[in-house]
Structures are given as C-alpha cells and as structure tokens.
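Each remark here refers to the structure printed beneath this line.
Below, each value reflects all heavy atoms present in this structure, side chains not excepted, and no hydrogens, waters or symmetry copies.
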Amino acid sequence: MNTGPRILCVGMATIDHVFRLTTIPQTATKVRANDYVRISGGMAANAAVAVSRLGGQATFWGPISHDANGEDILTELIK
C-alpha cells in the first residue's frame, strides 16, 4: 500500500504533438522535423504522473473526451 502524501491534481490533460529538429534555425525559415512523437500531456496530468512516480498517491480531476484521444490519455495515466 502506498503511504505517500495524497495529492489532488486539478486541470487539463492533453495530447502533445512534439516535432524534433536536429538544430534550431537562426533565421526564419521552413525546416523539416527529423522526428515526431505524440504523447499525453497537460499540466495537471503531468503533475499527477510525477506525484505517483515520486511515491505519492495522485488523483487527477479534469475533463477527458470520450474519443480516441481520451482513451490514449487514460491509458497513459493508468500506467
């Protein structure tokens, strides 16, 4: 049983679309990304994950849609 502090994280859960570049351009120009990652994010959801990983008891309280994005977020939060 987890005996760490109980923390309620209230706010947003989102899907983040991260495009990675090899270098950041020094001038305004178009650049092709060399990698793309789609991950769950949002300040409250990320805080809940951090609390849990640090040994606390996290509860996330916020809106999550009833679609594929919502399912992905829930799957990531449960891990």
Side-chain angles (χ1 to χ4, degrees):
M1 179 175 205
N2 188 334
T3 59
R6 296 175 62 190
I7 307 293
L8 174 62
C9 301
V10 179
M12 298 297 297
T14 64
I15 296 291
D16 291 337
H17 300 269
V18 180
F19 296 86
R20 294 192 174 117
L21 307 174
T22 53
T23 60
I24 297 177
Q26 299 301 311
T27 59
T29 184
K30 291 183 180 181
V31 178
R32 285 194 185 271
N34 63 336
D35 193 20
Y36 167 77
V37 180
R38 182 181 179 273
I39 57 175
S40 297
M43 287 192 278
N46 287 344
V49 170
V51 167
S52 179
R53 289 181 180 173
L54 291 169
Q57 299 177 54
T59 300
F60 170 77
W61 190 22
I64 296 179
S65 60
H66 296 285
D67 60 9
N69 288 330
E71 291 295 324
D72 289 347
I73 291 168
L74 287 175
T75 299
E76 290 292 320
L77 285 173
I78 291 169
K79 284 184 182 179

Inter-residue atom distance [X].[atom1] - [Y].[atom2], 0.5 Å rounding:
X   : Y   : atom1 : atom2 : value
I78 : S52 : CD1   : OG    : 12.0 Å
S65 : I73 : OG    : CD1   : 6.0 Å
M43 : T14 : CE    : OG1   : 9.5 Å
I7  : F60 : CD1   : CZ    : 15.0 Å

> Which class fits the ring pair H17 and Y36: parallel under 30°, tilted 30 to 60°, perpendicular over 60°?
Replying inline: parallel
Taking every non-hydrogen atom, the tightest pair across [X] and [Y]:
X   : Y   : result
C9  : A44 : CB-O, 3.5 Å
D72 : R38 : OD2-NH1, 2.7 Å
A13 : A45 : CB-CB, 3.9 Å

> Is there a donor-acceptor contact under 3.5 Å from the side chain of D16 to the main chain of V18?
Replying inline: no
>> Would the distance check show the side chain of Q57 and the main-chain N or O of G4 forming a donor-acceptor pair, the cut-off being under 3.5 Å?
In response: yes
>> For H66, is the NE2 atom crowded, meaning more than 12 foreign heavy atoms sit under 6.0 Å from it?
In response: no
>> If you define the side chain from C-beta out and look only at heavy atoms, does anything of N69 sit under 4.5 Å from I64?
In response: no
> Are L74 and I15 co-members of a hydrophobic cluster defined by side-chain heavy atoms under 4.5 Å apart?
Replying inline: yes
>> Could you see if V49 belongs to whatever hydrophobic cluster contains V51? Use Ile, Leu, Val, Met, Phe, Trp, Tyr and a side-chain cutoff under 4.5 Å.
In response: no
> Where do T29 and V31 land on the side chain to side chain contact (heavy atoms under 4.5 Å, CB included) test, with the steps shown first?
Replying inline: CA-CA 6 Å; T29 184; V31 178; 3.8 Å; yes
> Which residues pass the side-chain hydrogen bond (donor to acceptor under 3.5 Å, both in side chains) test with R20, sequence neighbours left out?
Replying inline: D35
>> I'd like to check the side-chain hydrogen bond (donor to acceptor under 3.5 Å, both in side chains) partners of T59; sequence neighbours left out, ordered by chain and number.
In response: none
> With sequence neighbours excluded, what pairs up with R6 under the salt bridge (Lys or Arg N to Asp or Glu O under 4.0 Å) test?
Replying inline: none
